[in-house]
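Notes for the one structure printed next.
In each ligand, atom 1 is the first atom listed, and ligand 1 is the first ligand listed. The structure presented is a predicted model; accordingly, all values stated were derived computationally and were not measured.
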Amino acid sequence: MKITFCCTDTKAEPWLRGLAAALPAADISVWQPGAPQADYAVVWAPPQQFIDEQPRLQALFNIGAGVDALLRLRLPPGLRVVRLDDAGMAVQMAEYVSHALIRHFREFDGYEADMRAGRWSYRKPRLRQDFPVGVMGLGVLGERVARAVAQFDFPVRGWSRGAKQIAGVRCYSGAQGFNDFLAASRVLVNLLPLTPETQDIMNRDTLARLVPGAYVINVARGAHLVDEDLLALIDAGQVAGATLDVFRTEPLPAGHPFWSHPRITLTPHTSARTLRDESIAQIAGKIAALARGEPVAGVVDAARGY
Ligand code: OXD
């Protein structure tokens, strides 16, 4: 069995070593133009040329959570795209969102600034029931985030395309449920896949439907958010602020208003990093299962977009 590795911006050597240890019978190499045909590929942001030159591939394993960039390529019909199910990312997402939520709710940024300025002062405690958290997207990551937030006794709402049930989370679904979900949420956490339906989903109209004094946490894709609309709503006082990990253009371009906005906290697309060893174990397990003719979890439905 031949496996090819085509991941821009990723050091190949440790991946090749790990995959070779997990699949000793496989022949594994880094793709270069003109390379021999492979059966399986491990990829992140491969060029179209890679897809065009590898028509015999049976499955593409994406080493990130989101497959939107892969689905924008012209893929042969029947080529399976397989995403990482979790591989250590869900707990990182839960940490990141809990941290951003609690930092905002407990006003820790204000306390930090006060203490730095030599001011010993207290703020009035806020009530958890005034900060219902709405998680958009209830896949592996979204569900873990919703459960983590519920542990801190925040009221939690969830919204997904199809109906879901999660203990401790009031779930809404579909287009009809969306407005009710927004109206019942004050902190909006985005974990949706990026598809033509979800692009620009956080805009002036939808963000204005949140409980006033809303807070936005975007850990999915920059293209879910209309940047100017968020800025306008913050300036109008309708939205209190945001924590953003993902951006329309990454790295965030110099001079973008997010960089210096006092109510926006930024991180460089780091909310849930791909953990190499966990990912290798998962991918190797799935390659072995496919080679035995068994089904695997995480196969993307290209029509649905995730
Ligand atoms: C992603 C990732 O898909 O970082 O965004 O894994």
Side-chain angles (χ1 to χ4, degrees), residues 5-12 14-15 18-19 41-47 50-51 59-73 75 80-100 135-145 148 160 188-202 216-225 227 242-252 258 265-284 286 296-302 304-306:
F5 183 84
C6 180
C7 299
T8 44
D9 295 342
T10 307
K11 247 207 312 203
W15 282 86
L19 285 165
V42 178
V43 299
W44 178 253
F50 167 79
I51 303 292
L60 287 181
F61 289 87
N62 190 47
I63 66 167
V67 291
D68 45 295
L70 262 184
L71 296 186
R72 278 197 294 272
L73 298 173
L75 301 176
R80 272 171 291 205
V81 173
V82 187
R83 61 177 137 63
L84 290 175
D85 304 321
D86 174 340
M89 278 191 233
V91 66
Q92 297 178 67
M93 256 328 166
E95 272 165 9
Y96 183 99
V97 171
S98 300
H99 172 85
V135 179
M136 294 200 290
L138 297 173
V140 176
L141 303 182
E143 179 169 342
R144 179 69 184 253
V145 165
S160 52
L188 183 67
V189 180
N190 178 37
L191 275 152
L192 288 168
L194 181 64
T195 67
E197 290 78 47
T198 64
Q199 173 147 350
D200 299 332
I201 192 165
M202 289 184 288
V216 174
I217 301 174
N218 189 16
V219 283
R221 286 288 179 265
H224 285 127
L225 174 68
D227 297 359
T243 292
L244 306 176
D245 185 51
V246 288
F247 307 93
R248 286 190 174 251
T249 305
E250 294 182 2
L252 184 64
F258 286 167
T265 299
L266 308 176
T267 49
H269 198 145
T270 196
S271 51
R273 304 288 294 270
T274 299
L275 301 181
R276 196 172 51 224
D277 292 349
E278 283 84 341
S279 304
I280 288 172
Q282 192 180 103
I283 291 170
K286 289 186 183 185
V296 295
V299 177
V300 170
D301 176 343
R304 210 174 54 165
Y306 58 97

With a 4.0 Å cut-off on heavy atoms, does R221 reach ligand 1?
-> yes
Contact (N/O only, under 3.5 Å) between A65 and ligand 1 | yes
Please answer whether the main-chain N or O of G88 pairs with a side-chain N or O of Q92 as donor and acceptor at a distance below 3.5 Å.
-> yes
Run the numbers for me: atoms of ligand 1, each under 4.0 Å from some heavy atom of G64, listed by number.
-> 3 (O), 6 (O)
With V67 as partner, the option from L84, V81, L194 fulfilling side chain to side chain contact (heavy atoms under 4.5 Å, CB included) is V81
min-distance protein heavy atom vs atom 4 (O) of ligand 1 -> H269 NE2, 3.2 Å
Have a look at V42 and tell me which of N62, I280, I63, T10 forms a side chain to side chain contact (heavy atoms under 4.5 Å, CB included) with it.
-> I63
Identify the heavy atoms of R304 and R83 that sit nearest to each other, and give their distance.
-> NH2-NH2, 4.2 Å
Would you mind checking which non-hydrogen protein atom is closest to atom 3 (O) of ligand 1, with the distance to 0.1 Å?
-> G66 N, 2.7 Å
Could you tell me whether the side chain of D200 and the main chain of H224 form a donor-acceptor pair under 3.5 Å?
-> no
Before signing off on this row, confirm whether I63 and ligand 1 have an N or O atom pair separated by under 3.5 Å.
-> no
